[in-house]
**Student:** 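Quick one: the structure is below, questions incoming.
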Amino acid sequence: MSVVEGGPVSTNLVQRVQNILLKPAAEWDVIENEAATVPGLFTGYAVILAAIPPIALVLQHLLFIHWGLVAIIVLAALSYVSSLVGVFLMGFIFDALAPSFDGQKNQIQAMKAAVYSSTAVWVAGILNIVPVLGILAIIAGIYGLYILWLGLPKLMKVPQEKAVGYVVVSIIVAIVVNAVIGAIIGAITTAMVFSAAATGAAALGGIPHY
């Protein structure tokens with residue numbers, strides 16, 4: 001089953017999501033031999049699924065937290081962009097590290113691993129609508145690591161005896177990179193909150209008191 005090659009949204013996207021979540025080992029065998037391009041992987045898959053968590057975030061704030069609409073949209077947009085950038089960087093990390101573990105450099109295969117292993121986290125992002133369910137995203141993240149474990153060495157042709165080291169090092173580097181991205185997003189969000197608070201205080205201060 002070829003899901004994405006050149007970029008347009010595929011009618012098989014839902015099937016790919018189901019397969020990578022329910023039978024990842026078998027689906028990696030299919031993915032390994034699929035024709036694909038980096039733009040196709042993103043426009044036909046990543047940009048669609050990565051939108052789930054930020055949309056859920058907007059709904060969460062509208063239903064429970066009640067921030068200003070502009071602040072919510074900006075925060076969601078930053079979250080969306082950071083997710084896609086993080087996955088893109090993960091692909092480069094997987095590709096760059098492969099030769100160090102006797103694997104083969106292959107940008108397409110590395111991007112496949114980065115994109116498809118993110119499926120669980122993206123889908124679980126719908127749970128963010130209800131704040132108390134957000135903790136389940138941690139479980140989805142762990143399962144995503146398991147999916148990555150099954151597929152990354154296979155796609156990058158890393159020998160079995162070096163697969164553990166390759167996956168562990170790749171995950172650590174990816175975590176560091178995404179932590180940096182998260183810190184930047186956090187700083188921007190904090191600045192937005194303080195700016196909104198200052199604006200509100202100034203507005204209240206300008207109200208005449210009788």
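The figures that follow rest on heavy atoms only: side chains count, while hydrogens, waters and symmetry mates do not.
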**Student:** Are Y143 and V121 linked, directly or through other ILVMFWY residues, by side chains that come within less than 4.5 angstrom of each other?
**Tutor:** no
**Student:** So, for G125 and I52, which heavy atoms are closest and what is the spacing to 0.1 Å?
**Tutor:**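 The answer is C-CG2, 4.1 Å.
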**Student:** Mark yes or no for whether S83, through its side chain, and Y80, through its backbone, hold a donor-acceptor pair below 3.5 Å.
**Tutor:** no
**Student:** M111 and G91: which non-hydrogen atoms are nearest, and at how many Å?
**Tutor:** SD-CA, 3.8 Å
**Student:** Closer than 3.5 angstrom, by distance alone: can the side chain of N106 be matched with the main-chain N or O of Q109 as a donor-acceptor pair?
**Tutor:** yes
**Student:** Between the main-chain N or O of L155 and the side-chain N or O of K112, is there a donor-acceptor pair closer than 3.5 Å?
**Tutor:**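 A pair under 3.5 Å: no.
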**Student:** Please examine the side chains of I55 and I126, heavy atoms only from C-beta on, and report whether any two atoms are closer than 4.5 Å.
**Tutor:** no
**Student:** Measure across K154 and D29 and return the closest heavy-atom pair with its distance rounded to 0.1 Å.
**Tutor:**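 That closest heavy-atom pairing would be NZ-OD1, 2.9 Å.
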**Student:** State, with a plain yes or no, whether a side-chain heavy atom of I147 is found less than 4.5 Å away from one of L21.
**Tutor:** yes
**Student:** Using the ring pair (Phe, Tyr, Trp, His ring centres under 6.0 Å) criterion, which residues pair with F88? Sequence neighbours excluded.
**Tutor:** F42, F92
**Student:** Is any side-chain heavy atom of W122 less than 4.5 Å from a side-chain heavy atom of V87?
**Tutor:** yes
**Student:** Test your reading of the model: is there a side-chain donor-acceptor pair from S79 to the backbone of L75, 3.5 Å cut-off?
**Tutor:**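 Side chain of S79 to backbone of L75, a donor-acceptor pair under 3.5 Å: no, none is there.
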**Student:** Could you tell me whether a side-chain N or O of Q107 sits under 3.5 Å from a main-chain N or O of D95, the two making a donor and an acceptor?
**Tutor:**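 No.
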**Student:** Can you confirm whether more than 12 heavy atoms, excluding those of E161, are under 6.0 Å from its CD atom?
**Tutor:**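 More than 12 heavy atoms, drawn from other residues, nucleotides or ligands, come within 6.0 Å of this atom.
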**Student:** Could you please spell out the steps behind the salt bridge (charged side-chain N to carboxylate O under 4.0 Å, His left out) verdict for D102 and K157?
**Tutor:** CA-CA 8 Å; D102 294 338; K157 308 299 183 186; over 6 Å; no
**Student:** Minimum heavy-atom separation for L152 to A113, with atom names?
**Tutor:**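 L152 and A113 have their closest heavy atoms at CD1-CB, 3.7 Å.
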**Student:** Can you tell me how far apart OG (S170) and CG (L97) are? Round to the nearest 0.5 Å.
**Tutor:**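 Rounded to the nearest 0.5 Å, the OG-CG separation comes out at 4.5 Å.
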**Student:** Would a 4.5 Å heavy-atom cut-off, applied to side chains only, mark W28 and I20 as touching?
**Tutor:**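 Contact flag for W28/I20 side chains = yes.
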**Student:** Does any non-hydrogen side-chain atom of E34 lie less than 4.5 Å from one of R16?
**Tutor:**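 Yes, side chains in contact.
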**Student:** If every non-hydrogen atom of A114 is compared with every non-hydrogen atom of M90, which pair is closest and at what distance?
**Tutor:**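 Of all heavy-atom pairs spanning A114 and M90, the closest is CB-CB, 4.0 Å.
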**Student:** Side chain of Q60, backbone of N128: donor and acceptor closer than 3.5 Å?
**Tutor:**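 Side chain of Q60 to backbone of N128, a donor-acceptor pair under 3.5 Å: yes, one is there.
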**Student:** Looking at Y116 and L41, would you say the former's side chain and the latter's main chain have a donor-acceptor pair under 3.5 Å?
**Tutor:**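 Flag not set: sc Y116 to bb L41 has no pair under 3.5 Å.
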**Student:** How many angstroms lie between atom CD of Q18 and atom NZ of K23, to the nearest 0.5 angstrom?
**Tutor:** 9.5 Å
**Student:** Got a second to check how far L57's CG is from I73's CD1, nearest 0.5 Å?
**Tutor:**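 Rounded to the nearest 0.5 Å, the CG-CD1 separation comes to 11.5 Å.
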**Student:** When rounded to the nearest 0.5 angstrom, what distance separates CD1 in I129 from CG in L62?
**Tutor:**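 Between atom CD1 of I129 and atom CG of L62 there are 10.5 Å.
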**Student:** Regarding T119 and Y45, do their side chains bring together a donor and an acceptor under 3.5 Å, going by distance alone?
**Tutor:**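 Present: a donor and an acceptor within the cut-off.
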**Student:** What heavy-atom pair brings L22 and P24 nearest, and what distance separates the two atoms?
**Tutor:** C-CD, 3.5 Å
